[in-house]
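Working notes, structure below.
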2 protein chains.
Amino acid sequence: MSDKDPYSVPGLVRGLTLLQTFTPQRPEQTMAQLAQTLGITRSAVFRTVHTLVQEGFLLPVRDGNHFRLGPAVLRVSYGYLASRELLEVAQKPLEALRDAQDWSGHLGVLDGRHILYLIRLPASDGLSSLVHVGSRLPATMTAMGRVLLSRKTEPQIRRLLEGQPKAATEKALAAWRKDSASPSVIHNGSFETGLCSVAAPIHDMSGEVVAAISATKQTDTVPASVEREVLKTAYAISRAMGWNAPAP
Amino acid sequence: MSDKDPYSVPGLVRGLTLLQTFTPQRPEQTMAQLAQTLGITRSAVFRTVHTLVQEGFLLPVRDGNHFRLGPAVLRVSYGYLASRELLEVAQKPLEALRDAQDWSGHLGVLDGRHILYLIRLPASDGLSSLVHVGSRLPATMTAMGRVLLSRKTEPQIRRLLEGQPKAATEKALAAWRKDSASPSVIHNGSFETGLCSVAAPIHDMSGEVVAAISATKQTDTVPASVEREVLKTAYAISRAMGWNAPAP
DNA sequence: CCAGGGCGTTTCATGGGTAAAACGCGCGCT
DNA sequence: AGCGCGCGTTTTACCCATGAAACGCCCTGG
């Protein structure tokens, strides 16, 4: 399906199609079977299978002439499931957080020296959220960014910020030293005065920080109750993902 | 990793590698980011991404310049998980069946007009199992084959058997008519006289028959208790897979 | 024992995918 | 506005992945 497309890569299409011919009903196939099933030459099957075996997507079994799917196929689906699941799973706890405190809720990840917003939940006032999904802001100037940076090492921070004005780097490192000590980060809006945010990190099962959430409102102090709720929500999201995050 | 291999397919390797760069920490990427991450030209990324989008493995999001993994990535892992899981899950119930009755246990799938053995559990006598894992026997001459054929339609059977001697086809169709009516199939050894088997199908969640199990022994009558155990085991395997098979 | 066929592998000329360069658009900065 | 840069897209000459054919091996049957 779909030829005469000048930009398609036949080799890739064949490999992906070939992988999809493996089903529970047909878990092992020989090259000849694959060639017949796909209606392509045995040469193409040979090279494709050879490549897939080297990548671990196929495993030779039995006499070496039969092949079955290898564990590597899970590598591609992992990224999808994990990222999808995080956004879906995080949605409800974040909504609960917003409704309980009427603060805007966000979820973001670190991309280089920027924070990337993936979920945006404006509070009822509609004012305390100036970003959109997909927005990028300098990490050092947001609560989520700071809490994500605070979980990196100092050399990583320096590498990330190199090329920046020296004053900005030193200021970021000062904040980094302070943020590293606390489980959450409170940040007073760098873009709009009076806008205040509190952020907490989300850990995966290996302890890696994969994302952060934050609550934002037009205020100048963050009640301890809100900070506690943010930490609890971050923990709830980790738990809902099946990850063993440290308890708040 | 791995060049100067005369049989590798660069386009395929690139596509698979590209898919693996999508992680929970980096769920969306632009072509330029991908080119930099992979260290390949933007042209290659453009063609690869274009192909992956057409196949549904990537989805353009936001402004159309960012891409994230698409649901299609699950298609390749489904076959792996499903087939792997079936074999692992089926192992223990089959062992229990063998130990309870001391009959040889097998699990097989239909491949064309042949039955493919995927699990082989010899009984203590070691005699009543003449096949190996990976063995192929004509479906019409085994209990598992007959029970799998009996879940197909008559036109499917005719197509499967075309080219066979007419007498064999008619005989198979007669057996098919009888087998369709019962939940299990008892078959007296076509390869060794006195060897008797009883087989039951395993259904997946959609009611499709994905495999069959059988118990075999040197005898000429199948006790009702063994037939009941085989049906129960097949049902137990379906249930352990999370499938809603019809109760025995 | 030797044909015959099926299958995995290898070879080789060629056509198509590839890398490089150029294009054009949008954005940020002065 | 004007400029410059970054990025997605298009083009093009080239070279490498490709399809066809041949090879060698292991079966099976006569």
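By convention in this document, chain letters (A, B, ...) are assigned in the order of the sequence lines, proteins followed by strands, and residues within each chain are numbered from 1.
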Would you call A/R158-A/E154 a salt bridge at under 4.0 Å N-O?
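Salt bridge between A/R158 and A/E154, a charged N being under 4.0 Å from a carboxylate O: yes.
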
Taking the side chain as everything from C-beta on, heavy atoms only, tell me whether [X] gets closer than 4.5 Å to [Y].
{"X": "B/K152", "Y": "B/L110", "answer": "yes"}
{"X": "B/L58", "Y": "B/F22", "answer": "yes"}
{"X": "A/T142", "Y": "A/Y117", "answer": "yes"}

Give me the residues of residues 38-51 of chain A where at least one heavy atom lies under 4.0 Å from an atom of DNA chain C, by number, or none.
A/R42, A/S43, A/F46

Give a yes or no on whether the backbone of B/A123 and the side-chain of B/S104 come within a donor-acceptor separation of less than 3.5 Å.
yes

Does the A/Q29 side chain pair with the main chain of A/T21, one donor and one acceptor, at a distance under 3.5 Å?
yes

If each of B/P10 and A/Y7 is mapped to the nucleotide of DNA chain D with the nearest heavy atom, which maps nearer the 5' terminus, i.e. the 5' end?
A/Y7

Measure [atom1]/[X] against [atom2]/[N] and give the value in whole Å, please.
{"X": "B/L12", "N": "C/dG16", "atom1": "CG", "atom2": "P", "value": "20 Å"}
{"X": "B/N65", "N": "C/dG24", "atom1": "CG", "atom2": "P", "value": "19 Å"}
{"X": "B/Q33", "N": "D/dG6", "atom1": "CD", "atom2": "P", "value": "14 Å"}
{"X": "A/Q29", "N": "C/dC7", "atom1": "CD", "atom2": "C1'", "value": "15 Å"}
{"X": "A/H66", "N": "D/dC26", "atom1": "NE2", "atom2": "P", "value": "16 Å"}

Can you find a side-chain donor-acceptor pair between B/Q54 and A/S8 that sits under 3.5 Å?
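No donor-acceptor contact under 3.5 Å links the two side chains.
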
Taking CD in B/Q156 as the centre, count heavy atoms belonging to other residues, nucleotides or ligands within less than 6.0 Å. Is the count above 12?
yes

Protein N or O to nucleotides 27-30 of chain C N or O, pairs below 3.5 Å:
none

Think A/R14 has a side-chain N or O under 4.0 angstrom from the OP1 or OP2 of C/dG17?
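Result: no.
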
